[in-house]
Amino acid sequence: MKLLIASDLHGSASAVRSLAARVEAESPERIVLLGDLLYHGPRNDLPHDYAPKEVVPLLNSWAPRIVAVRGNCDAEVDQMVLDFPCRADYAMVEADGHVLYLTHGHVGGMTPDNPPALAPGSAFLSGHTHVKMLEERSGILFVNPGSTSIPKDGRASYAVYESGRFALKSLNGETLSEGGWAGSA
C-alpha cells in the first residue's frame, strides 16, 4: 500500500497546488491528512497564498482517497465545506501488517512525547510542530511529515509510506530522509 501523508496545510493554495503535483506524481492509494487544513491559526502568520476557498475544491477532489484527523486549527465549520470527515482526534490505518496511528499531535495522550500504547511494529504519525521527524523508539516509528505551508525547520514537506518504509520529501519530490522499522527490508 502506498500512502501520501501531509499535515499543516493551513489554507495555502500554492502549497496545496504543489502537493497536488506530488499526489499526481506519487499516485498513492490513500492520502493521509494530519490536520490544520484550512485555517492558519492565531499563533501563525498568514501562509503564502492564503486562500482556503481555493484549497477546498483541491482537497475535495481527493475525498474518496482521504483519511483525515482534526488539528487544533480545524473547526466544525470546516466540515461544512469538506467532502470527507475530519472531526476525529485520531484514526488508525492498517498497512502491510503495520498499524499506523494518525493524529495531529496536540491532544494529551496523543503526542510524540506522550503517545498511546502501541505495539512494536506500529507507527505514530502526527503533525502540529511543523518539524519533520522519522525516528524509531522501542520498535515504534514516529513520523511527522512537517508542514506543507509554514515549515518551522526551513523546508515545506510531506511523507510517503510504501511497503513498510517511510520517506520524508520536499514539496518538489526530493527525498530528504527515509527509514523503516529495524530489521525490516
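- Counting all heavy atoms, side chain and backbone alike, Leu58 lies closest to Ser61 at O-OG, 2.6 Å.
- Residues Lys132 and Arg155 form a side-chain contact, since some pair of their non-hydrogen atoms from C-beta on lies under 4.5 Å apart.
- Nearest approach of Val160 to Lys2, heavy atoms of both residues: CG1-CE, 3.8 Å.
- Ring orientation note: the planes of His98 and Trp181 are close to parallel, at an angle under 30° on the 30°/60° scale.
- Annotation: Asn114, atom CG; neighbour count of heavy atoms from other residues, nucleotides and ligands within 6.0 Å is above 12.
- Closest of all the heavy-atom pairs between Asp74 and Leu37 is OD1-N, 2.9 Å.
- When each of Phe166, Phe124, Tyr101 is checked for a ring pair (Phe, Tyr, Trp, His ring centres under 6.0 Å) with Phe142, only Phe124 meets the rule.
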Which donor-acceptor pairs under 3.5 Å do side chains of residues 83-94 form with protein atoms, sequence neighbours excluded?
unit_1	atom_1	unit_2	atom_2	d
Asp89	OD1	Arg70	NE	3.0
Asp89	OD1	Arg70	NH2	2.4
Glu94	OE2	Gly97	N	2.5

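- Contact check for Leu176 versus Ser170: side-chain heavy atoms found under the 4.5 Å cut-off.
- A salt bridge between Glu178 and Lys169 is absent, with no side-chain N of the basic residue lying under 4.0 Å from a carboxylate O of the acidic one.
- Under a hydrophobic clustering in which Ile, Leu, Val, Met, Phe, Trp and Tyr are joined whenever their side-chain heavy atoms come within less than 4.5 Å, directly or via other members, Leu38 and Ile31 fall into the same cluster.
- Remark: the backbone N or O of His128 is not paired with any side-chain donor or acceptor of Asp36 at under 3.5 angstrom.
- Nearest heavy-atom pair across Ser126 and Pro112 is OG-CG, 3.5 Å.
- Side-chain contact between Ile66 and Arg30: absent, with no pair of heavy atoms (C-beta onward) separated by less than 4.5 Å.
- A distance-only check finds a donor-acceptor pair linking the side chain of Ser18 to the backbone of Ser14 [under 3.5 Å].
- Considering only heavy atoms from C-beta on, Asn60 stays 4.5 Å or farther from Pro57 through its side chain.
- We find that Glu135 and Arg137 are joined by a salt bridge, their nearest charged nitrogen and carboxylate oxygen being less than 4.0 Å apart.
- Dense packing is recorded around CD of Glu174, with more than 12 heavy atoms of other residues, nucleotides or ligands lying under 6.0 Å away.
- Taking the ring centroids of His10 and His130, they lie under the 6.0 Å cut-off.
- Between Gly164 and Tyr161 the shortest heavy-atom distance is N-OH, 3.0 Å.
- For Ser149 (side chain) and Leu9 (main-chain N/O), a donor-acceptor pair under 3.5 Å exists by modelled atom type.
- Side-chain atoms of Ser122 do not come within 3.5 Å of backbone N or O of Leu100 as any donor-acceptor pair.
- Ring geometry for His40 against Tyr50 counts as perpendicular: the plane angle is over 60°, on a 0 to 90° scale with 30° as the lower cut.
- Just one residue in the list Asp8, Asn144, Asp153 forms a side-chain hydrogen bond (donor to acceptor under 3.5 Å, both in side chains) with Thr129, and that residue is Asn144.
- Val143 approaches Leu134 most closely through the heavy-atom pair CG2-CD1, 3.7 Å.
- Side-chain atoms of Thr111 and Asp113 form no donor-acceptor pair, as typed in the model, at a separation below 3.5 Å.
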